[in-house]
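To start, the structure under review is shown below, and the notes come after it.
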Amino acid sequence: MKNKKTITLTAIILAVVTALAITASAAYDSSEDPIISLSYLENIFKIELLEDVDDKLNEFWEKIEDFISDYVKDNQPDYNIEEASTAYEAIELKKGDAIYAVSACEIMLRSGSAVCIAPDAKQGIADYTAGAEILNGAAFTKNHMCLIPRGDGRGLKATSESVWIMVRGDYTLVQE
């Protein structure tokens, strides 16, 4: 009888241990603590990580572009684009005001003093009267007919308190 009790008790203990083992293994979730393989790191994790980094960089660049766009809008100079005219217009400029050609434009300095604005040091404004070129920073001569060949940033800047010029063509007036 003792043998039967021992076998029964052993069977019960074995059944309880088996039930506990089955319950424990069912309760274990490998997603909480996975074993990571090299193929997982290379084929899944690395790709997801790079996509996250790309997303963050794109968000960052969008913020930078928005900032720059807002900054440019807030810091635009006060300028007016005048309509092209086939006739000459007499325009008075104050010291620091500038005229930039939008397209080919003729200019003649009538009074005051002004200097050439030219972004390229080797290309300036053609002086018809003198048969010469006025380079960046050089002074205009009164009553000389000058040509700005295209709207690439070339123009004239007033250096005296009152400057009168005559203009024919498309131009932009930037007031200081």
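Predicted, not measured: the structure shown is a model, and the values here were computed from it.
A distance of 15.0 Å separates OG1 of Thr129 from NZ of Lys142, quoted to the nearest 0.5 Å.
Residues forming a salt bridge (Lys or Arg N to Asp or Glu O under 4.0 Å) with Lys94 (at least two apart in sequence, or on another chain): Glu92. The side-chain contact (heavy atoms from CB on, under 4.5 Å) test applied to Ser103 returns Asp170, not counting sequence neighbours.
In terms of heavy-atom proximity, Ala104 sits nearest to Pro149 at CB-O, 3.5 Å. Contact detail for Arg154 and Gln123: the closest heavy-atom pair is NH2-OE1, 3.2 Å. The shortest heavy-atom contact between Cys105 and Tyr171 is SG-CB, 4.3 Å. Closest approach of Ile91 to Ile99, counting heavy atoms only: CD1-CD1, 4.4 Å. Residues Gly112 and Ser160 come closest through the heavy atom pair CA-OG, 3.4 Å. Between Gly124 and Leu135, the shortest heavy-atom distance links the atoms N-CD2, 3.9 Å.
Residues Leu93 and Leu173 meet the side-chain proximity criterion, which asks for heavy atoms closer than 4.5 Å. Side-chain atoms of Lys95 and Glu176, non-hydrogen and from C-beta on, never get closer than 4.5 Å to each other. Considering only heavy atoms from C-beta on, Leu109 stays 4.5 Å or farther from Asn143 through its side chain. With a 4.5 Å cut-off on side-chain heavy atoms, Val174 and Tyr100 count as touching. Under the 4.5 Å side-chain criterion, counting only non-hydrogen atoms from C-beta, Tyr88 is not in contact with Val167. Ile107 has its side chain within reach of Ile148: a pair of non-hydrogen atoms, C-beta onward, lies under 4.5 Å apart. By the 4.5 Å heavy-atom criterion applied to side chains, Leu147 and Ile125 are not counted as neighbours. Between Cys146 and Tyr128, every side-chain heavy-atom pair lies at or beyond the 4.5 Å cut-off.
The closest donor-acceptor contact from the side chain of Thr159 to the backbone of Ser113 lies under 3.5 Å.
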### Query
Taking it one step at a time, do Asp152 and Arg150 satisfy salt bridge (charged side-chain N to carboxylate O under 4.0 Å, His left out)?
CA-CA 6 Å; Asp152 59 355; Arg150 61 183 174 272; 3.4 Å; yes
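Residue Arg168 is tested with Met145, Glu106, Met108 for a side-chain contact (heavy atoms from CB on, under 4.5 Å); the sole match is Glu106.
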Taking only distance into account, with no hydrogens and no angle test, what donor-acceptor pairs under 3.5 Å do side-chain atoms of residues 44-54 form with protein atoms, sequence neighbours excluded?
none

